[in-house]
Amino acid sequence: MSVLRPLDKLPGLNTATILLVGTDDVLLQQLAGSMLKEDCASELKVHLAKSLPLPSDVNRPRIDLIVFVVNLHSQHSLRNVEESLHHVDSTFFLGKVSFLATGAGQESHCSVHRNTVVKLAHTYRSPLLFCDLEVEGFRTTMAQRLVRMLQICAGHVPGVSALNLLSLLRSTENPSLEDL
Amino acid sequence: MAPERKVKNSQVQRRTSQGSNSYQTRLSAWKVREDLNDSKSISKHRKNSVVEDFEHGDNQVEDALQIAVRYFEKGPIKTAQRKDKTLERHFKTVENVAWKNGLAPEGIDILLNVALSGRFGSAVNTRIFKCMIPATLISEDSVVKAVSWLCVGKCSGSTKVLFYRWLVAMFDFIDHKEQINLLYGFFFASLQDDALCPYVCHLLYLLTKKENVKPFRVRKLLDLQAKMGMQPHLQALLSLYKFFVPTLISVSLPVRKKIYFKNSENLWKTALLAMRQRNQGLAPEPLKLMLGNVCPVKRKWNSHSVIPVLNSCNYSKESGKKGMNLSDFFSSNGSFPLEQLKSFPQLLQNIHCLELPSQMGAVLNNSLLLHYINCVRDESVLLRLYHWLSQTLQEECIWYKVNNYEHGKEFTNFLDIVIRAECFLQEGFYSCEAFLYKSLPLWDGLCCRSQFLQLLSWIPFSSFSEVKPLLFDHLSRLFFTSTIYFKCSVLQCLKELLQNWLLWLSMDIHLKSVTNSPLETTLGGSMNSVSELIHYVGWLSTTAMRLESNSTFLLHFILDFYEKVCDTYINYNLPLVVLFPPGVFYPALLSLDPSILNQLCYILDRYRKNLTAAKENELVPKTKSEFSFSSKTYQEFNHYLTAMVGCLWTSKPFQKGLYIDAKALEKAAVAEYKNSLNLVHHPAFMSYTVSFLLQEWPEERTVNMSSVRGKKWNWYLEYLFSEGFQGLKLFIQSSIHHSSVP
């Protein structure tokens with residue numbers, strides 16, 4: 001199956017495309033909705049996928065940012081993301097991949113430990129964001145932040161590149177809270 | 001022993017029936033052991049019972065409860081078949097009441113006895129413990145009695161563990177702690193038991209006072225640590241000991257560790273939360289916010305707040321008696337009822353006989369008690385407050401209970417009160433810091449933004465490199481991906497943090513000999529930490545300027561921060577001057593906004609005054625301190641100064657400081673660049689030049705900007721000063737010799 005590469009297509013004029021990958025279809029759609037509501041100079045395109053690889057026969061624009069959404073309440077969602085990651089070209093990890101963990105607020109419902117995701121993000125050298133997507137307020141702010149990241153990744157912010165942003169967001173070896 | 005106890009118990013009943021005097025001891029009937037049928041007559045005079053509001057006079061429930069408790073008290077009946085059924089039935093009754101209304105002190109007393117006396121199996125004991133939820137308070141005596149059962153050795157290890165966990169969870173609800181503290185030695189000895197150790201540690205952590213810290217205990221703890229390795233609970237206790245008596249413990253303990261006990265181990269969390277809300281609802285009227293005396297509070301505290309209502313147990317005891325005279329009052333306990341404390345003179349008169357409430361949270365709402373806390377030198381008071389606060393913060397935090405979103409407003413109010421208390425005491429609470437460690441990674445940057453940032457600005461001074469991975473790394477991640485408004489509020493909050501740190505440090509230097517700060521850092525170490533903070537903000541600012549394409553709005557906030565930074569030497573008397581990074585200086589110098597340039601001039605002037613003062617002090621041999629600024633700081637400053645003078649004054653912009661190769665300028669085909677950044681031609685001032693020329697020579701047909709030189713230049717300066725450019729005025733007066741007018 002096809003591996004997703006960041007530079008195998010030319011960018012569209014003033015368009016920025018994000019790909020959300022995750023098992024929770026409803027949450028992804030809501031997040032996409034909130035993103036499209038954001039006021040933004042670039043033309044936003046949001047693609048949703050349950051898992052990678054994507055079907056190869058569809059014509060789609062260049063993807064500027066992939067966000068893997070992990071629901072901490074389901075092991076399945078984590079495994080799905082882990083498998084999807086194999087279908088992403090390594091150059092994508094130079095700033096065009098991000099992880100989003102949802103459900104961390106309700107600790108009692110979590111079946112995936114927070115540290116597992118932290119490690120996952122660290123292994124792939126990509127930023128990890130936390131947000132409880134079920135709450136509308138939180139979702140809106142997250143959508144706002146993702147749009148800003150996307151604009152940078154698409155090269156629409158002068159002077160800042162995706163790799164640059166990555167170096168700003170990268171986590172140092174954090175002591176986990178469990179050690180505290 | 002039995003008859004004596006009984007007398008005491010009846011006292012306890014009175015003492016614990018607290019709050020409004022309508023809290024009748026509704027279950028006092030349990031103590032009347034003679035006849036069960038008496039309960040009917042007792043229920044009659046239970047009329048004023050507040051709890052009746054909930055039960056609507058449903059005496060049957062209470063009777064059933066009494067029967068159930070009696071059943072437990074008597075012990076199991078041997079016929080196995082019937083036993084199971086009745087046991088179940090009675091359990092149901094007790095559990096229902098416990099979860100709905102909580103149990104009265106007497107009920108808890110009896111159940112505690114039952115659970116620890118080993119009359120039932122350990123499964124039953126566990127169940128009893130789980131439903132032992134107080135309606136209001138737990139009497140100290142019950143706990144003492146319970147501990148005496150532990151000595152008999154009739155209960156299993158798991159029951160003991162459960163007892164300690166229960167004790168820790170309910171610690172705040174025990175009406176007095178003096179007698180329990182007398183048992184300190186007994187609890188300490190229980191540390192030997194590996195299974196009990198974590199829970200006993202937690203209990204001791206709550207119980208320890210300064211006088212409990214003894215050399216032999218320290219030795220024992222260190223032995224235990226050597227045996228069991230670095231356990232968080234042992235570390236907690238050790239660090240507490242070290243906090244009280246730093247001289248006794250020489251081993252180094254990690255300073256950063258601030259979460260020792262996991263709240264998740266609290267089995268009674270939800271029940272306690274429900275209970276607290278219920279009690280708030282019951283309170284006759286919410287206590288007036290007394291902090292209002294200090295800074296007026298407009299919002300009225302609504303129905304059930306998180307903060308417990310202030311009540312001292314002694315008060316209710318006394319208020320029960322109508323004809324109480326003064327001598328009674330003094331002979332009884334000698335402590336002043338907190339509810340009657342209404343004014344500052346009262347506080348002064350009674351300061352020797354105040355007893356803090358059993359639920360420390362009540363203090364937050366009361367400015368007088370905050371005064372009191374501030375002046376008593378009792379660390380255990382603050383520790384109790386911290387413990388209460390960290391538990392409440394975690395329980396109330398909104399994103400731990402996503403489903404209950406309306407709860408948000410209440411949480412915001414609570415945070416506001418905590419912040420007000422911090423402002424009032426001018427010190428940060430460690431529990432708030434620990435709360436931030438835990439919740440900042442999950443924060444979305446919007447909800448309760450102002451509260452969170454204010455909490456952040458009150459973080460107690462600590463080593464920056466240790467706090468950075470826990471707080472500031474998460475903050476910078478939010479910072480870079482959020483809106484410009486968020487960036488501005490973060491910078492504002494960091495400015496306040498810096499100010500708080502500087503104030504603490506400047507106080508600390510003078511008080512160094514008096515207080516023994518738990519950090520035990522040297523002045524050099526502290527200065528290092530502050531300069532790391534400043535460099536961190538410098539890094540944030542430089543990147544933010546790039547991300548926001550040199551926004552003037554953002555630059556204002558950045559320069560506001562540096563207005564604090566440039567004055568550390570003179571204003572706070574601290575040996576520290578850190579300059580701004582080029583990423584801030586040049587955008588400000590080339591800004592299109594005249595007020596930015598004015599602010600930059602002011603800051604540069606202050607830097608100059610601070611550095612000159614430092615240099616003068618260094619030259620005087622007596623005052624020469626161990627801290628001298630590196631020549632690099634002076635070089636950097638001189639570099640900025642030449643760049644600035646070159647641009648604004650001498651019209652030689654790109655030679656020194658801001659150097660650009662002449663060839664590059666040639667290539668860019670800029671014909672006339674020398675004048676282009678001086679006070680007349682600088683884009684920020686151009687409009688002023690034009691209006692100056694139009695105002696002075698209205699008859700001139702063309703506006704010739706280059707004509708402003710010599711005398712005209714001086715008039716132009718006067719004009720600029722009259723337009724309010726005070727920073728520019730200071731800068732020119734101090735840094736430029738007036739002979740050199742271009």
Side-chain angles (χ1 to χ4, degrees), chain A residues 38-39 72-73 98 101-110 114-115 117-118 121 127-153 156-161 164-180, chain B residues 230 232 235 254 256-260 262-264 269-270 394 397-405 408 434 437-449 465-466 468-474 476-486 539-540 542-550:
Chain A
E38 283 301 313
D39 188 29
L72 294 183
H73 300 176
S98 169
T102 174
Q106 293 157 292
E107 240 170 314
S108 50
H109 291 62
C110 285
R114 239 205 279 172
N115 276 356
V117 222
V118 172
L128 168 67
L129 310 167
F130 283 99
C131 172
D132 280 327
L133 292 176
E134 284 147 37
V135 183
E136 201 194 340
F138 295 164
R139 197 169 57 229
T140 315
T141 22
M142 183 43 71
Q144 214 171 34
R145 290 174 68 190
L146 284 180
V147 168
R148 294 187 63 78
M149 287 171 69
L150 175 62
Q151 277 186 295
I152 292 173
C153 291
H156 294 179
V157 178
V160 195
S161 67
N164 198 184
L165 182 70
L166 178 66
S167 73
L168 295 176
L169 299 184
R170 196 189 44 202
S171 53
T172 43
E173 279 287 350
N174 280 346
S176 63
L177 269 177
E178 297 306 300
D179 301 342
L180 288 176
Chain B
M230 290 279 260
Q235 269 182 19
R256 200 188 57 226
K257 255 188 150 69
K258 267 149 201 163
I259 304 165
Y260 295 108
K262 284 183 205 133
N263 200 34
S264 53
K269 205 154 70 180
T270 44
Q394 200 182 342
C397 185
I398 334 171
W399 40 95
Y400 295 122
K401 28 170 114 175
V402 186
N403 301 325
N404 186 3
Y405 196 57
Y437 291 162
K438 225 179 155 206
S439 52
L440 204 69
L442 300 183
W443 187 40
D444 68 336
L446 188 74
C447 131
C448 310
R449 177 190 289 178
S465 47
E466 272 178 7
K468 189 170 179 281
L470 293 167
L471 288 179
F472 294 103
D473 279 350
H474 297 291
S476 53
R477 241 165 274 158
L478 268 176
F479 183 84
F480 292 129
T481 51
S482 297
T483 58
I484 185 169
Y485 304 106
F486 181 76
W539 173 68
L540 283 187
T542 311
T543 321
M545 286 301 285
R546 221 153 34 93
L547 285 172
E548 300 296 337
S549 52
N550 295 335

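All values derive from a computational prediction rather than experimental measurement. Per chain, numbering begins at 1; letters A, B, ... match sequence-line order.
- A heavy-atom distance below 4.5 Å is found between the side chains of B:Trp539 and A:Leu168.
- Here CZ of A:Arg148 is found 8.0 Å from OG1 of B:Thr481. Values are rounded to the nearest 0.5 Å.
- Residues A:Ile152 and B:Leu547 meet the side-chain proximity criterion, which asks for heavy atoms closer than 4.5 Å.
- A distance of 8.5 Å separates OG of A:Ser167 from CZ of B:Phe480, quoted to the nearest 0.5 Å.
- Heavy-atom minimum distance, B:Cys447 versus A:Phe138: CB-CE2, 3.8 Å.
- Put simply, of A:Asn164, A:Leu128, A:Val157, A:Leu146, the one with the most heavy-atom pairs under 4.5 Å next to chain B is A:Asn164.
- Residue B:Asp444 holds its CG atom at 11.5 Å from CG of A:Leu129, rounded to the nearest 0.5 Å.
- With a 4.5 Å cut-off on non-hydrogen atoms, B:Thr543 touches chain A through its side chain but not through its backbone.
- Proximity to chain B (any heavy atom under 4.5 Å) is restricted, for A:Met149, to the side chain, taken from C-beta onward.
- Within the 4.5 angstrom heavy-atom criterion, atoms from both the backbone and the side chain of A:Arg145 approach chain B.
- The shortest non-hydrogen separation linking A:Gly159 to B:Arg546 is O-NH1, 3.1 Å.
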